[in-house]
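I have placed the structure first, in the form of structure tokens, so that the comments after it can refer back to it.
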Amino acid sequence: MSTSKTKNKYQIAVIPGDGIGKEVMEATISVLDELDIEFDYVYGEAGDECGEKNGNPLPEETLNIIRDSDACLFGAAGETAADVIVKIRQEMKMYANLRPVKAYPNTNALFDDVDFMIVRENTEGLYIADQEELTEDGAIAKRIITRKAEERIIDYAFNYAKENNKSKVTAVHKANVLKKSDGLFKDVFYEVAEKYPEIETEDFYVDATAMYLITQPQNFEVIVTTNLFGDILSDEGAGLVGGLGLIPSANIGENGALFEPVHGSAPDIAGEGKANPIAMMLSAIMMLRYIGENEQADRFESAILKVLNEGKTLTSDLGGSASTLEVTKVIKDYL
């Protein structure tokens with residue numbers, strides 16, 4: 001999960017996107033520039049504004065920038081999110097979506113001891129939009145589940161657990177109703193699990209998992225699931241730990257990786273300097289770990305933890321009154 005670039009010199013594709021994406025990206029880049037790493041940022045356009053300007057929310061030029069870079073930082077897309085993020089994932093074969101759910105201090109987290117990773121399959125399921133059909137009688141959406149894709153994502157989840165000292169992987173599905181598609185997912189899960197005898201395994205139906213995330217989230221370490229279920233459960237996880245302003249994500253593939261906050265473009269507060277930059281910053285920390293810069297990732301994360309522990313400089317979503325720039329400044333001061 002690292003690149004072969006010369007140490008401490010990396011080309012990073014930067015796509016601010018729409019709304020608060022621009023604000024949190026600017027804040028994050030300003031902190032990255034304080035680290036002992038040399039970055040070459042190459043900016044690309046994507047999203048609603050790009051679509052209005054160019055007639056295409058995701059120009060080929062932007063895809064080429066991503067292809068040529070060691071990693072990509074993405075801010076937010078508005079109404080065109082499906083045309084942008086989903087297409088990037090598919091074009092770049094970014095099959096694994098990682099969404100950590102971790103409780104931080106002074107963040108209105110429902111529990112203070114939650115720390116698990118959701119590993120979500122990115123390339124199939126109901127999110128393959130070109131499989132949708134609209135008829136006179138209604139609409140049809142085909143749910144595609146393949147053995148190849150599920151073996152790949154489940155193996156990724158077990159490898160992640162092994163590399164990050166996690167002792168259990170939980171599969172989430174609905175095999176009691178979707179007997180063929182999720183039945184295959186469940187079967188593949190236990191087939192792959194045989195290669196990792198040291199890791200505990202369990203599986204739950206997605207509706208039961210939704211309940212357990214509220215009643216006993218401490219019991220989860222790594223969750224692996226299909227596209228739609230992973231999307232829904234990760235937003236539920238955000239509610240556990242204080243909101244979307246604290247949830248980063250990574251999209252990992254064989255030939256590239258994109259890192260973005262889970263929150264959207266938030267047009268209601270865009271331009272007001274109120275956006276919480278921490279989810280974007282945590283996404284950048286995931287990027288640092290991906291390129292192998294673990295020491296600098298620890299520095300960055302430690303600075304964020306000091307700000308949260310202090311609890312004096314927080315944005316409104318965390319009960320404070322600080323601006324995006326004020327939070328950023330304090331984080332940089334702690335570096």
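No donor-acceptor distance shorter than 3.5 angstrom exists from the side chain of Glu52 to the backbone of Asn54, with no hydrogens or angles considered. Side-chain atoms of Ser249 do not come within 3.5 Å of backbone N or O of Leu98 as any donor-acceptor pair. Put simply, the side chain of Asp18 never gets that close to the backbone of Gly47: no donor and acceptor are under 3.5 Å apart. Between the side chain of Glu326 and the backbone N or O of Ser323 there is at least one donor-acceptor pair closer than 3.5 Å. Here the side chain of Thr62 pairs no donor or acceptor atom with the backbone of Gly44 at under 3.5 angstrom. A donor-acceptor contact shorter than 3.5 Å is absent between the side chain of Asp70 and the backbone of Ile12. When atom types are taken as modelled, the side chain of Glu221 and the backbone of Ser167 share a donor-acceptor pair closer than 3.5 angstrom. Side chain of Thr225 to main chain of Val172: a donor-acceptor pair is present (N/O by atom type, distance under 3.5 Å, no hydrogens or angles). Side chain of Thr135 to main chain of Gly138: a donor-acceptor pair is present (N/O by atom type, distance under 3.5 Å, no hydrogens or angles). Judged by distance alone, with hydrogens and angles left aside, the side-chain atoms of Asn164 form a donor-acceptor pair with the main-chain N or O of Tyr160 at under 3.5 Å.
The residues Lys22 and Glu49 are annotated as salt-bridged, a charged nitrogen and a carboxylate oxygen being separated by less than 4.0 angstrom. Classification of Lys87 and Glu91 as a salt-bridged pair fails, no side-chain N sitting under 4.0 Å from a carboxylate O. Using a 4.0 Å cut-off between a side-chain N of Lys or Arg and a carboxylate O of Asp or Glu, Arg289 and Glu301 qualify as a salt bridge. One finds no salt bridge joining Lys186 and Glu150 here, because no Lys/Arg side-chain nitrogen approaches an Asp/Glu carboxylate oxygen to under 4.0 Å. Look at Glu202 and Lys168 and you find a salt bridge, because one of the NZ, NE, NH1 or NH2 atoms lies within 4.0 Å of a carboxylate O, short of that distance. Comment: Asp187 does not engage Arg147 in a salt bridge, judged by the lack of any side-chain N to carboxylate O separation of less than 4.0 angstrom. Electrostatic pairing of Lys274 and Glu23 does not count as a salt bridge here, judged by no charged N lying under 4.0 Å from a carboxylate O.
Ring pair Phe204/Phe220 is perpendicular by interplanar angle, where above 60° counts as perpendicular and below 30° as parallel.
Taking hydrophobic clusters as Ile, Leu, Val, Met, Phe, Trp and Tyr residues chained together by side-chain heavy-atom distances below 4.5 Å, Ile88 does not share a cluster with Ile252. Grouping the Ile, Leu, Val, Met, Phe, Trp and Tyr side chains by contacts below 4.5 angstrom, directly or via other members, places Ile304 with Leu318. A continuous path of Ile, Leu, Val, Met, Phe, Trp and Tyr side chains, each step under 4.5 Å between heavy atoms, connects Leu246 with Met25, placing both in one hydrophobic cluster. Placement of Leu325 and Val24 in two distinct hydrophobic clusters is found when ILVMFWY residues are connected by side-chain heavy-atom separations under 4.5 Å, directly or transitively.
Residue Glu236 comes nearest to Ala210 through the heavy atom pair OE2-O, 2.5 Å, listed as atom of the first residue, atom of the second, then distance. The two residues Asp317 and Asn108 have their closest heavy-atom pair at O-ND2, 3.9 Å. Counting all heavy atoms, side chain and backbone alike, Ala139 lies closest to Leu134 at CB-CD1, 4.0 Å. Contact record, Asp48 with Gly78: OD2-CA, 3.3 Å, taken as the closest heavy-atom pair. In terms of heavy atoms, Ile199 sits closest to Lys162 at CD1-N, 4.1 Å. Leu308 and Thr107 make their closest contact through CD2-CG2, 4.1 Å (heavy atoms, listed as atom of the first residue, atom of the second, distance).
Inspection of the Asp155 and Tyr196 side chains reveals an N or O donor paired with an N or O acceptor under 3.5 Å. For the residue pair Asn309 and Tyr104, no side-chain donor N or O sits within less than 3.5 Å of a side-chain acceptor on the partner. Looking at Tyr10 and Glu293, their side chains do bring a donor and an acceptor atom within 3.5 Å of each other. Checking Glu121 against Thr123 by side-chain atom types alone, a donor-acceptor pair falls below 3.5 Å.
Taking a 6.0 Å sphere around CD of Gln218, one finds it holds more than 12 heavy atoms contributed by other residues, nucleotides or ligands. Shown here is Glu26, whose CD atom has no more than 12 heavy atoms of other residues, nucleotides or ligands within 6.0 Å. Other residues, nucleotides and ligands place no more than 12 heavy atoms under 6.0 Å from the CD atom of Glu295.
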**Request:** For Arg67 and Glu60, run salt bridge (charged side-chain N to carboxylate O under 4.0 Å, His left out): C-alpha distance rounded to whole Å, both residues' side-chain angles, the deciding distance at 0.1 Å, then the answer.
**Result:** CA-CA 10 Å; Arg67 291 187 184 103; Glu60 187 66 26; 3.0 Å; yes
**Prompt:** What do the steps show when you test Val14 against Ile29 for side-chain contact (heavy atoms from CB on, under 4.5 Å), and what is the final call?
**Reply:** CA-CA 9 Å; Val14 178; Ile29 294 295; 4.1 Å; yes
**Message:** Evaluate Lys142 against Glu133 for salt bridge (charged side-chain N to carboxylate O under 4.0 Å, His left out), listing each step before the verdict.
**Reply:** CA-CA 9 Å; Lys142 297 177 183 178; Glu133 298 177 17; 3.5 Å; yes
**Item:** CA sep, side-chain torsions, deciding dist, call: Arg99, Val101, side-chain contact (heavy atoms from CB on, under 4.5 Å)
**Value:** CA-CA 6 Å; Arg99 293 191 175 184; Val101 179; 5.6 Å; no
**Item:** Worked check of side-chain contact (heavy atoms from CB on, under 4.5 Å) between Ile145 and Thr226
**Value:** CA-CA 8 Å; Ile145 301 293; Thr226 53; 3.9 Å; yes
**Check against side-chain contact (heavy atoms from CB on, under 4.5 Å), Thr324 and Asn276** = CA-CA 6 Å; Thr324 307; Asn276 186 347; over 6 Å; no
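Every side-chain contact (heavy atoms from CB on, under 4.5 Å) that Lys306 has, sequence neighbours left out, goes to Ser302, Tyr334. Checked against ring pair (Phe, Tyr, Trp, His ring centres under 6.0 Å), Phe189 has the following partners two or more places apart in sequence or in another chain: Phe158.
A distance of 7.0 Å separates CG of Asn97 from OG of Ser234, quoted to the nearest 0.5 Å. Note that CD1 of Ile269 is 6.5 Å distant from OG of Ser316, once rounded to the nearest 0.5 Å. Rounding to the nearest 0.5 Å places CZ of Arg152 at 9.5 Å from CG of Asn122.
For the pair Ile37/Leu32, no side-chain contact is recorded, criterion being any heavy-atom separation below 4.5 Å from C-beta on. Looking at heavy atoms from C-beta onward, Ile331 lies in side-chain contact with Met281 at the 4.5 angstrom threshold. No side-chain heavy atom of Ile285 sits less than 4.5 Å from a side-chain heavy atom of Gln296. Using a 4.5 Å heavy-atom cutoff, the side chains of Lys166 and Asp115 are in contact. The shortest distance between side-chain heavy atoms of Thr328 and Thr28 does not fall below 4.5 Å. Ile66 places a side-chain heavy atom less than 4.5 Å from the side chain of Met92. The side-chain heavy atoms of Val114 and Phe116, taken from C-beta on, include a pair separated by under 4.5 Å. Using a 4.5 Å cut-off on side-chain heavy atoms (C-beta onward), Leu233 and Ile118 make contact.
Taking the six-membered ring where the residue is Trp, the centroids of His173 and Phe229 are separated by 6.0 Å or more.
Checking Arg143, Glu124, Arg120 one by one against Asn227, the side-chain hydrogen bond (donor to acceptor under 3.5 Å, both in side chains) holds for a single residue, Arg120.
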Residues 257-267 side chain polar contacts: donor-acceptor under 3.5 Å, at least two apart:
unit_1 : atom_1 : unit_2 : atom_2 : d
Glu260 : OE2    : Asn251 : ND2    : 3.4

